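Heavy atoms only: backbone and side chains are in, while hydrogens, waters and symmetry mates are out. Predicted model only: the values in this text are computed from it and were never measured. Here is the naming used below: chain letters follow the sequence lines, and residue numbers restart at 1 for every chain.
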Amino acid sequence: MSTPDTAAPSNFIRTIIDEDLQSGRRDTVITRFPPEPNGYLHIGHAKSICLNFGLAADYNGRCNLRFDDTNPAKEEDEYVDAIKKDVAWLGFDWGEQPLFASDYFDQLYRWAIELIKKGKAYVDSQSAEQMRVNRGTLTEAGKESPYRNRSVEENLELFEQMKNGEHPDGSHILRAKIDMASPNMNLRDPAMYRILHAPHHRTGDTWCIYPMYDFAHGQEDSIEGVTHSICTLEFEDHRPLYDWFVKELDIFAPQQIEFARLNLSYTVMSKRKLLQLVNEKHVEGWDDPRMPTISGMRRRGYPAAAIRTFCERIGVGRAASWIDLSVLEECVREELNATAYRRQAVLNPLKVTITNYGQIEQLDAPNHPQQPGEGCRTLPMSGTLWIDRDDFMEDPPPPKKYFRLGPGREVRLRNSYIIKCDEYIKNEKGEVIELKCSADLDTLGKNPEGRKVKGIIHWVSAEHAQKVPVRIYDRLFNQENPDKAENYLSALNPASLQETFALAEPSLMEAKPGETFQFERVGYFTVDSKDSKTGAPVFNRTVTLRDTWAKVK
RNA sequence: UGGGGCGUCGCCAAGCGGUAAGGCACCGGAUUUUGAUUCCGGCAUUCCCAGGUUCGAUCCCUGGCGCCCCAGCCA
């Protein structure tokens, strides 16, 4: 036991734990993160992971990674592997081996028999439809099954037959005998075991009956000595059942604590929907950089530390909350600003000829201006450059403070000289296609005497520029809450991906998969880990830079 | 309309009867070879509403109002 990290924010779960520790009800903190391997982890899971592993770490306890694999119809090893990778990438350690609910199938089966013997469970032979009808409604009590009072012997025999594969799917089911009139629907004789002739990803065809979540989860926690079983709010109504099984079985009793799940604006979080986006090819896959999955964010370039910061920043509570996507993006900027090397690249090129500069120079440009220790890279400069179209205005508008290029205006070329726009050339359509500028050759590494040049723009030497593919990502949905649309798919943002290219400074060609750079004045870009080849990087825009000028305009 | 929850600044969120933390956003201003970063300063006489108890209530009581979850042999 230890005192919690004083820097850790107070929340109701820590309060409960502190009380448990103080009162001596618990002498350690053991939590668990229990994903079902039926899909990839998303940012909502990250909240749970950070919470569970974070609590365990702060209290010097332990957090188990346990796969809740009780439904072979939906679960696959591919998901197990992806989940392990994501949890590890987020920076958490689950010890030697991950655990599996399926490791406890034998024990669970014995416990089911125990309850049958106690007269607390019975085999029902109604059809699923009959069961549904007899369950009653929210306002009417249910009716007891005609099979509810079978003898213990008959129940034992039928359950054994179920296990032995003598009955087809759906023909029988093991139910807890509780109360068909309970106002809590979960207590109206809930299902414990169903027949499922499906191979399990780990137990193969050893079993053809599988435990339901309610009959499995609490006991799994109990076996592992979990002290605080943290789950989301929708399981609150299941808590009486969770406690019921633990009590009837007379085993170690963990405490279930529920918190509000994460909702993020402009995205959907249900695994069913994410799976549909993947299956119907609305996205490239689970790790599409637009997906709210951990793998998608990793590929997009979001640092694990940023996700952890986000999870801490949003807090934990019981009130339904919606977090704006910009909060996550801000965490990403915060992390990347501190770590990413700076580079120059132009996305919307406009040609600039420097009339008084015929040579080629190899300039030194810092990798990270705030951290001189990170050194410099070589940046070639010549008389023909590409700059961004947004940095020139033929007729700068009144906005008092415009300090980019325009006729007769001066501007600093980032890491290079100050230039002045002497003339500009248009094509027959009236579009500006080239700028003729003169450079003040006495301004490299120093400011000119007597005048102040406020504007600074990025550029790249035309003859040295490297053309690299760039994917500009935007939010996947263009409605704050896609679930409010008639069909969430109709809220899909058709412009969530724009493929284009950038003219990049040469040093960028050595960029390695997964590396993130700040393209100065533009945003952060990460080398795609799937589509890049050695010497041929493909860049994903991770997030833009904050742009207060855009707001002023 | 049965049961279980929730309602503190634009968005999160502390607070647990003693007179409203913090973060993000936002608004000023300073520094700056990224209109970025950084840095300073501002930002709820008020806690869903109405009564009540109390010297004193966001915290207790009563009654409203609003929102979320539950009728899978999913988790």
[X] near the nucleic acid: base, sugar-phosphate alone, or nothing, with a heavy-atom cut-off under 4.0 Å?
X: Tyr193(A); result: nothing
X: Asn11(A); result: sugar-phosphate
X: Met212(A); result: sugar-phosphate
X: Glu258(A); result: nothing
X: Val316(A); result: sugar-phosphate
X: Lys446(A); result: base
X: Ile314(A); result: sugar-phosphate
X: Ser265(A); result: nothing
X: Leu138(A); result: base
X: Glu19(A); result: nothing
X: Asn415(A); result: base

For [X] and [N], what is the distance between atoms [atom1] and [atom2] respectively, to the nearest whole Å?
X: Arg546(A); N: rG35(B); atom1: CZ; atom2: C1'; answer: 11 Å
X: Asp214(A); N: rC73(B); atom1: CG; atom2: P; answer: 10 Å
X: Arg412(A); N: rU34(B); atom1: CZ; atom2: P; answer: 10 Å
X: Asp483(A); N: rC68(B); atom1: CG; atom2: C1'; answer: 14 Å
X: Leu233(A); N: rC69(B); atom1: CG; atom2: P; answer: 10 Å
X: Phe259(A); N: rC12(B); atom1: CZ; atom2: P; answer: 16 Å
X: Glu329(A); N: rC24(B); atom1: CD; atom2: C1'; answer: 13 Å
X: Phe235(A); N: rG5(B); atom1: CZ; atom2: C1'; answer: 15 Å

State whether [X] places a side-chain N or O below 4.0 Å from either non-bridging phosphate oxygen (OP1 or OP2) of [N].
X: Ser10(A); N: rG15(B); result: yes
X: Arg313(A); N: rA13(B); result: no
X: Arg318(A); N: rC6(B); result: yes
X: Arg343(A); N: rU34(B); result: no
X: Arg261(A); N: rC6(B); result: no
X: Thr70(A); N: rA75(B); result: yes
X: Arg135(A); N: rC73(B); result: yes

Taking syn as any angle within 90 degrees of 0 and anti as the rest, which one fits rG23(B)? anti
What integer number of Å spans the [atom1] atoms of [N] and [M]?
N: rG56(B); M: rU46(B); atom1: C1'; value: 16 Å
N: rG4(B); M: rG15(B); atom1: C1'; value: 25 Å
N: rC11(B); M: rG2(B); atom1: C1'; value: 34 Å
N: rC9(B); M: rU58(B); atom1: C1'; value: 14 Å
N: rA44(B); M: rG23(B); atom1: P; value: 14 Å
N: rA20(B); M: rA36(B); atom1: C1'; value: 35 Å
N: rC48(B); M: rG7(B); atom1: P; value: 9 Å
N: rG17(B); M: rG22(B); atom1: C1'; value: 23 Å

Please figure out whether Pro34(A) or Ser321(A) has its closest RNA chain B nucleotide nearer the 5' end. Ser321(A)
Using heavy atoms to find the nearest nucleotide of RNA chain B for His238(A) and Gly315(A) separately, return the residue whose nucleotide is more 5′. Gly315(A)
Determine, using ring centers only, whether [Y] and [X] are less than 6.0 Å apart.
X: Phe245(A); Y: Phe215(A); value: yes
X: Tyr213(A); Y: Phe235(A); value: yes
X: Phe539(A); Y: Phe519(A); value: yes
X: His45(A); Y: Tyr40(A); value: no
X: Phe159(A); Y: Tyr109(A); value: yes

State which of [options] makes the closest approach to the side chain of [X].
X: Met185(A); options: rA71(B), rC27(B), rU34(B); value: rA71(B)
X: Ala319(A); options: rG7(B), rG4(B), rA71(B); value: rG7(B)
X: Trp322(A); options: rC12(B), rA25(B), rU34(B); value: rC12(B)
X: Asp237(A); options: rU34(B), rC73(B), rG3(B); value: rG3(B)
X: Asp68(A); options: rA75(B), rC24(B), rA36(B); value: rA75(B)
X: Arg194(A); options: rG35(B), rC24(B), rA75(B); value: rA75(B)
X: Thr548(A); options: rA36(B), rG5(B), rA13(B); value: rA36(B)
X: Lys454(A); options: rC73(B), rA71(B), rU32(B); value: rU32(B)

Hey, does the Lys NZ or Arg CZ of Arg202(A) hover above the aromatic six-ring of Phe100(A), less than 6.0 Å from the centre and inside 45° of the axis?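 Flagged: Arg202(A) positioned over aromatic ring of Phe100(A).
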Any cation-pi pair here, Arg343(A) with Phe517(A), using under 6.0 Å and within 45°?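 No, Arg343(A) does not sit over the ring of Phe517(A).
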So Glu258(A) and Glu234(A), do their side chains get closer than 4.5 Å, heavy atoms only?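 Contact flag for Glu234(A)/Glu258(A) side chains = no.
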Is the ring of Tyr213(A) stacked on the base of rA75(B), with centres less than 5.5 Å apart and planes under 30° off? no
For Val411(A), which of Ile418(A), Leu405(A), Ile456(A), Asp391(A) qualifies under side-chain contact (heavy atoms from CB on, under 4.5 Å)?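 Testing Val411(A) for a side-chain contact (heavy atoms from CB on, under 4.5 Å) against Ile418(A), Leu405(A), Ile456(A), Asp391(A) leaves exactly one candidate, Leu405(A).
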State the pairing partner of rG66(B); accept Watson-Crick or G-U wobble contacts with both distances under 3.5 Å, and report none otherwise. rC6(B)
Paired nucleotide for rC39(B) [Watson-Crick or G-U wobble; both distances under 3.5 Å]: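 Partner of rC39(B): rG29(B).
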With a 3.5 Å cut-off and just heavy-atom distances, do the side chain of Gln370(A) and the base of rA36(B) make a donor-acceptor pair?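 Donor-acceptor pair under 3.5 Å: yes.
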Tell me whether the side-chain N or O atoms of His458(A) pair up with the base of rA36(B) as donor and acceptor below 3.5 Å, since no angle test is needed here. no
Can you say whether the rings of Phe105(A) and Tyr210(A) are parallel (under 30°), tilted (30 to 60°) or perpendicular (over 60°)? perpendicular
